[in-house]
Structure formats: C-alpha cells, structure tokens
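Report on the following structure.
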Amino acid sequence: MIDLRSDTVTLPTPAMRRAMAEAEVGDDVYGEDPTVNRLEAMAAERLGKEAGLFVVSGTMANLVSILTHCGRGDEIIIGHQSHTFLYEAGGSASLGGIHHYAIPNQPDGTLRLEDIEAAIRPDNVHFARSRLVCLENTQNRCGGAVLSPEYTDAVCHLAHGHGLSVHLDGARIFNAAVALGVEVSELTRSVDAVGFCLSKGLSAPVGSVLCGSAGFIAETRRWRKAVGGGMRQCGVLAAAGIVALEEMVDRLAEDHENARLLAEGIADARGIAIDPSKVRTDIVILEVTSERVSAAQLVAALLERGIQMTAFGPTQIRAVTHYGITEVDIQTTVGAIREVMGGMG
Ligand SMILES: *Cc1c(COP(=O)(O)O)cnc(C)c1O
C-alpha cells in the first residue's frame with residue numbers, strides 16, 4: 001500500500017525504537033520523568049519559549065491551551081477552516097463553555113487582519129468576552145499553506161493591542177519552517193502559546209508538545225490532568241519525540257519535494273485541477289473537475305491499485321507525503337491517477 005491519507009500514518013524509525021527501549025523513565029505526573037523533562041525543555045528552547053508540556057495529541061495541545069486562556073463564556077476568534085473548529089469534537093465548547101467566533105480563512109491560510117479586528121467585541125454585557133485568536137500553521141484545509149513570520153507578528157500585534165492572546169496550532173510548524181527556510185522560533189516568537197505534533201511528519205508514534213511562558217505552562221498542567229492526559233512513565237514515548245526533533249526535521253524537505261512532484265505530475269491530467277505552485281509543504285489537495293468521475297470514485301479506483309488518499313468533500317481529495325513515501329511511490333501514484341482519469345467513464 002502507498003498510504004497518502006495522512007502524515008499521521010508514519011511509523012517510528014529504528015532509532016526511535018531503540019531510544020524508546022532504553023529510555024530512562026519516572027512518574028511524569030510527579031514531574032519525575034527525566035526523558036519527558038528533557039523533551040519539554042528541548043521543544044521550548046527550539047520554539048523560543050520558557051516551558052513545554054508533553055501531551056497525548058495535537059487535539060489535547062489545542063484544548064488545554066484554549067481552556068487555560070479562556071473561561072466560561074469567553075470567546076475565541078478562529079478560522080472557519082481550522083482544525084480546531086472542524087475536527088476537534090467541539091471540545092473547548094463542551095468542556096469549557098467557550099464560544100467560537102469563526103471568521104473566513106483566505107485561500108492562503110491567513111485570517112484577514114480586518115476580519116480579526118471586526119470580530120473583537122467591545123466590552124458590553126451583551127457580548128461574549130473576546131479572549132484569544134487562534135492561528136494554524138501550516139493550514140491543513142488550505143493545502144498545507146504556510147503563514148510567514150511577518151504575518152504572524154502582525155496578528156499578534158493586533159491581538160495584543162486589544163488585550164487578547166494568540167494560540168498557534170502548529171501541528172505542522174516544522175513543515176512551515178522548512179518550507180520558508182527560517183528557524184521555527186521566527187514563526188512562534190510573538191505568539192503566547194504554540195503546540196506542535198511529534199506524530200505527523202516527524203514520525204514519532206505519539207504526542208505533541210505545547211509551549212509558552214513558564215506561568216502559562218504551569219496552569220496547563222492542571223487542565224491536562226483534568227482531561228485525563230496525565231501519563232506516568234511516558235518517557236518511553238517522549239524518547240521517540242526527542243529523536244523526532246533531532247533527526248526528522250530537516251528531511252521534511254523531501255516530503256515537500258515529493259508533494260510538488262505529485263502535483264506537477266497530475267497538473268495536466270484529465271478532469272483534475274491543481275496549481276502546483278500552491279503546494280508548499282507535504283499536503284496536496286486536488287480538485288476533481290470531471291463529470292464522469294467523482295472524487296469518491298477516484299479514491300476507490302486508487303485503492304484498488306494499492307494507493308490510499310482521503311476524500312476531502314465531494315470534489316476534493318487530499319494526499320499527504322511523509323517518511324516512508326519514496327519518489328518511486330509518487331511516480332506510481334501519478335501513473336495511477338492519469339490512468340484512472342483517462343480511462344474511466
Ligand atoms: C492533526 C492536526 C491536529 C490534531 O492532532 P492529533 O494529534 O491528531 O490530535 C491539530 N491541528 C492540525 C492542523 C492538525 O493537522
């Protein structure tokens with residue numbers, strides 16, 4: 001199988017398996033797991049923050065950050081195409097009583113500064129209290145779109161000027177940094193909190209790290225416990241995360257190259273619309289424009305040929321490149337798509 005459904009399907013590397021087997025561990029709820037402590041410190045340093053919190057998932061990183069920033073009846077301003085708004089089971093609403101003000105993501109993944117400003121509510125008993133702006137980099141639904149350091153700084157400047165904080169869902173922040181050729185800390189320098197996934201392109205089996213100020217992270221520990229995320233000897237997991245940060249960041253460039261090859265290979269295929277110049281990272285979203293073949297039919301036909309992708313709505317399909325996907329796999333995939341689109345109907 002050539003599994004392009006997501007970069008979450010990546011398997012741990014041999015170096016991760018070894019590090020996991022040999023990890024020194026303790027009770028992390030007591031703060032006594034040396035491997036977790038090391039991962040949290042490493043991640044915080046890399047992102048230019050004071051402290052880090054190892055959590056189960058990207059969803060939990062976003063959830064405990066939002067729960068820590070906001071109380072009941074507070075409001076977050078968030079993109080309508082964001083992962084938190086679409087795919088996290090409404091956790092901050094159901095668990096925290098937190099209101100969502102969704103504003104449009106532009107095709108390049110950004111939220112317009114004017115839209116953010118217009119969404120910030122005046123202090124008035126009629127209104128929920130605006131508390132937090134949420135950004136996502138890279139922006140998954142916008143095809144792995146990359147937000148620049150300057151844009152991120154501008155959003156933070158606006159939010160902070162109105163007394164709001166900024167949370168960055170950086171599930172794939174290292175993809176953004178590699179695509180832009182900048183240090184990841186440039187993308188996170190002005191945000192109050194940022195979470196990133198170890199378990200996607202970085203290939204660790206489990207986990208995310210949420211980073212922010214020491215005081216903020218101390219508060220998030222209570223929420224992590226409350227949502228059942230206090231793990232004990234989880235240094236066995238953190239050990240893989242350390243290898244991910246040390247060995248798996250630079251190679252993301254290969255995934256980006258493979259995504260670009262895929263997009264270029266199918267750009268002129270019958271019944272497919274895609275602009276390869278928009279493919280900046282590991283995510284390829286193709287539009288099926290054919291009247292003969294639906295997105296679901298293309299996904300099914302590829303599955304028969306040993307290739308997995310995700311239907312992203314009635315006309316869109318998402319393919320994600322990652323560790324374990326080779327250039328040959330991409331050539332096979334391009335051939336299969338061209339064959340199906342040329343030959344069906
Ligand atoms: C995958 C993802 C998450 C959630 O991560 P999980 O570890 O799957 O919970 C959050 N935000 C974005 C943008 C993601 O792509």
Side-chain angles (χ1 to χ4, degrees), residues 55 57-123 127-149 151-173 175-176 187-188 190-197 200 208 210-212 216 219-220 223 227 283 285 312-313:
V55 290
S57 64
T59 300
M60 189 180 281
N62 291 332
L63 178 64
V64 300
S65 177
I66 294 169
L67 289 171
T68 304
H69 282 296
C70 304
R72 295 187 72 79
D74 287 349
E75 189 166 69
I76 64 175
I77 297 167
I78 189 164
H80 78 306
Q81 297 278 48
S82 68
H83 193 280
T84 299
F85 188 61
L86 293 174
Y87 302 127
E88 295 176 14
S92 58
S94 59
L95 300 175
I98 295 158
H99 204 241
H100 290 57
Y101 192 148
I103 62 175
N105 279 104
Q106 302 304 310
D108 66 358
T110 61
L111 308 175
R112 291 170 64 225
L113 295 177
E114 306 87 282
D115 290 344
I116 295 172
E117 188 151 31
I120 297 172
R121 301 183 193 260
D123 185 10
F127 302 141
R129 243 191 216 107
S130 306
R131 196 64 94 182
L132 184 71
V133 177
C134 295
L135 293 177
E136 183 177 313
N137 194 11
T138 63
Q139 218 294 347
N140 170 43
R141 281 268 1 171
C142 296
V146 175
L147 308 184
S148 70
Y151 169 76
T152 309
D153 291 345
V155 171
C156 292
H157 183 74
L158 171 65
H160 294 157
H162 287 272
L164 276 64
S165 297
V166 177
H167 168 76
L168 175 60
D169 176 354
R172 297 188 181 85
I173 193 73
N175 293 87
L187 295 169
T188 58
S190 49
V191 304
D192 300 280
V194 49
F196 71 92
C197 288
K200 290 186 171 164
S208 282
L210 177 64
C211 297
F216 171 78
E219 276 305 305
T220 62
W223 273 118
V227 297
I283 298 177
I285 294 182
F312 234 39

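In this chain, residues are counted from 1 in sequence order. Values reported hereafter were calculated over all heavy atoms of this structure, with side chains retained and with hydrogens, waters and symmetry mates removed. All values derive from a computational prediction rather than experimental measurement.
- Residues L168 and N137 have side chains in contact (heavy-atom distance under 4.5 Å, counting atoms from C-beta outward).
- Listed by chain and residue number, I103, P104, Q106, R112 satisfy the side-chain contact (heavy atoms from CB on, under 4.5 Å) test with D115 (two or more places apart in sequence, or in another chain).
- For the pair I77 and L164, the minimum side-chain heavy-atom distance is below 4.5 Å.
- For residues 94-115, no residue pair satisfies the ring-ring contact (aromatic ring centres under 6.0 Å, His included) rule, not counting sequence neighbours.
- With S82 contributing its side chain and I78 its backbone, the two residues share no donor-acceptor pair below 3.5 Å.
- Qualifying ring-ring contact (aromatic ring centres under 6.0 Å, His included) partners for F312, counting only residues two or more places apart in sequence or in other chains: none.
- A heavy-atom distance below 4.5 Å is found between the side chains of L135 and V155.
- Residues passing the side-chain contact (heavy atoms from CB on, under 4.5 Å) test with A61, sequence neighbours excluded: V55, S208, L210.
- Among residue pairs with one or both ends in residues 75-91, those qualifying as salt bridge (charged side-chain N to carboxylate O under 4.0 Å, His left out) are E75-R121; sequence neighbours excluded.
- Separation of atoms OG (S92) and CD1 (I76) is listed at 4.5 Å; rounding is to 0.5 Å.
- The side-chain heavy atoms of Q139 and N105, taken from C-beta on, include a pair separated by under 4.5 Å.
- A side-chain hydrogen bond (donor to acceptor under 3.5 Å, both in side chains) with D169 holds for exactly one of T138, T59, N62; it is N62.
- A donor-acceptor pair under 3.5 Å links the side-chain atoms of E136 to the main chain of N140, judged by distance alone.
- Residue pairs meeting the ring-ring contact (aromatic ring centres under 6.0 Å, His included) criterion with at least one partner in residues 61-85, sequence neighbours excluded, are H69-F216, H83-Y87.
- Inter-residue side-chain proximity for L187 and P149 is flagged as met; some heavy-atom pair is nearer than 4.5 Å.
- Within a 6.0 Å sphere centred on NE2 of H160, heavy atoms belonging to other residues, nucleotides or ligands number more than 12.
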